[in-house]
Amino acid sequence: MSELRELYQSVILDHNKKPRNFGVVEDANCAADGHNPLCGDKIFVTARVEDGVVEDLRFEGSGCAISTASASLMTQSVKGRSLDEAQALFEGFHELVTSDPKQAPSTAGLGKLEVFAGVREFPMRVKCATLAWHTLKNALEHEDATAKTE
Amino acid sequence: MSFDVQTARKDFPILQETAHGKPLVFLDSAASAQKPRAVLEAMTNLYSHSYANIHRGVYELSMRATDAFEEAREKVRAFLGAPEAREIVFVRGATEGINLVASTFGRTRVSEGDEILITHMEHHANIVPWQMLCEQTGAVLRVAPIDDDGALLVDEFEKLLTPRTKLAAVVHVSNALGTVNPVRELVELAHARGVPVLVDGAQAVPHQRVDVRELGCDFYVFSSHKVFGPSGVGALWGKAEHLEAMPPYQGGGEMILSVSFEKTVYNEIPHKFEAGTPDIAGVVGLGAAIDYVNGLGLDAIAAHERELLAYGTERLLEVPGLRLIGTAPHKASVLSFVLDGVHPHDIGTILDQEGICVRTGHHCAQPVMERFGIPATARASLALYNDESDVDRLVAALGKVREVFA
């Protein structure tokens, strides 16, 4: 049960219940859809990028607690950052959730995102955690295609 | 005839397993069923004592293998109540069976502007092959609607049978909702208008006796792995007149009588549709699974599941915030549900930690999910080896879900 507590800890449950930055950026210049076909998680990410900075970032969608909390914490982490910083966060997050659960998690620079270290014990849920990030990446690269976590 | 579920459970070695240190509670037979020792032994025995390629050898071992294979075909015939063994085609599973019919029967009978009728509760296996057929031929797919309980609106089904309908394909028992369709009635309605009917029986044969002559349908498919046999094999039954008129599905050895570069002559049915060396051990395993199920008696199994379904339904309805999806008056032992404020995926993970296996997601029935306005359900399915303690543990674990998500 302790692994479960690590996965569903209070930060994640809180962000699932009250997702931050939930909605649509009205004057967005980046957008992308994401979909996890395995379980039906759906997400729509919109952003306004100006001078290489992510000025506004929101998400909409329906999904499990992990994907919702991940999207919420992602928007909090990335809003106001440069595109390079967003890319670094993407890589850091991906590294964190796919790393060996027997090793200490590498959480440097991730701030609150470190709560997702618990996902490592649940390989079936990694794709829930990374969906928002893959979708964000697509949006920032101005791609049209729906992001999938395959 | 009744059977003792505790005795039956001992026949299934995997039920002794633990998951996350807890005794296994397997509630996902609708995705794939567990196998009794008799099936495992039949396959090992074949490989140990009687294995050779079938139909073509002149030595004794090949005869043993061929006899075992063809015996299994006869077992499938009797299992389905089909008139002749040559009407049984071994395929990889229900999905391949449907694809076979769509590619051969479908391609020769369906053309532009024709219609194919299915229902809103179909599994993707009984949707996509028809969509592909429509794309290839310019035909149109029509979908009979279901009501809020997940029951088929038979009047609407009837109205959708038009002079252009060339085939109807319906599921016998819905894997997502548990609904049991009135297949005989649907077949009568279709045949009155000259429309042949394919029935997807994947979820039916583990739970009830099926007699294709009683049902009156033209094709019936099922998968071995759902009826306690090995994965990778299934059967398609088709009326001889249809199978004889259909062009072959895959080409190769076995499905021919003679091959030359000038002319190749195809084999008789069912071999015409069985190209290449089949899953010999799989077929023998399926035969053993049918023997096992017949040994317990499908009527006894159905009675056990009926009681368990009633118990499970009652207990689940006690869980606060739980809503059952699929409440048709005539239902099989599938309990699909959603829980207020908790996504099925999260339910599944927490249940897993308690050793409980349920399926979460769209169950290869995305149109069903859309119809009920939900992204997914959690599904507990009951089979012959489940008992009340399985249900009790499920309900207790749902309490834990509530704790986590309070």
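Computation of the quantities below employed the complete heavy-atom set of this structure, encompassing side-chain atoms and omitting hydrogens, waters and symmetry-equivalent molecules. Protein chains get the first letters and strands the later ones, always in sequence-line order, with residue 1 at the start of each.
Near-neighbour residues of residues 44-59 of chain A relative to chain B, defined by a heavy atom under 4.5 Å from a heavy atom of that chain, are none.
Only the side chain of A:Leu7 comes within less than 4.5 Å of a heavy atom of chain B; its backbone N, CA, C and O stay farther away. Neither the backbone nor the side chain of A:Lys42 comes within less than 4.5 Å of any heavy atom of chain B. B:His345 touches chain A through backbone and side chain together, each having a heavy atom under 4.5 Å away.
For B:Asp392, the side chain to side chain donor-acceptor pair (under 3.5 Å) partners two or more places apart in sequence, or in a different chain, are B:Tyr311, B:Arg315. With sequence neighbours excluded, no residue forms a ring-ring contact (aromatic ring centres under 6.0 Å, His included) with B:Phe26. The salt bridge (charged side-chain N to carboxylate O under 4.0 Å, His left out) check on A:Glu26 picks up nothing, with sequence neighbours excluded.
For B:His207 and B:His172, the ring centers are positioned 6.0 Å apart or more.
To the nearest 0.5 Å, the span separating CD on B:Gln203 from OG on B:Ser223 amounts to 9.0 Å.
Note on ring orientation: taking the six-membered ring where Trp is involved, the planes of A:Trp133 and A:Phe90 are tilted (angle from 30° to 60°).
Using a 4.0 Å cut-off between a side-chain N of Lys or Arg and a carboxylate O of Asp or Glu, B:Arg9 and B:Asp390 qualify as a salt bridge.
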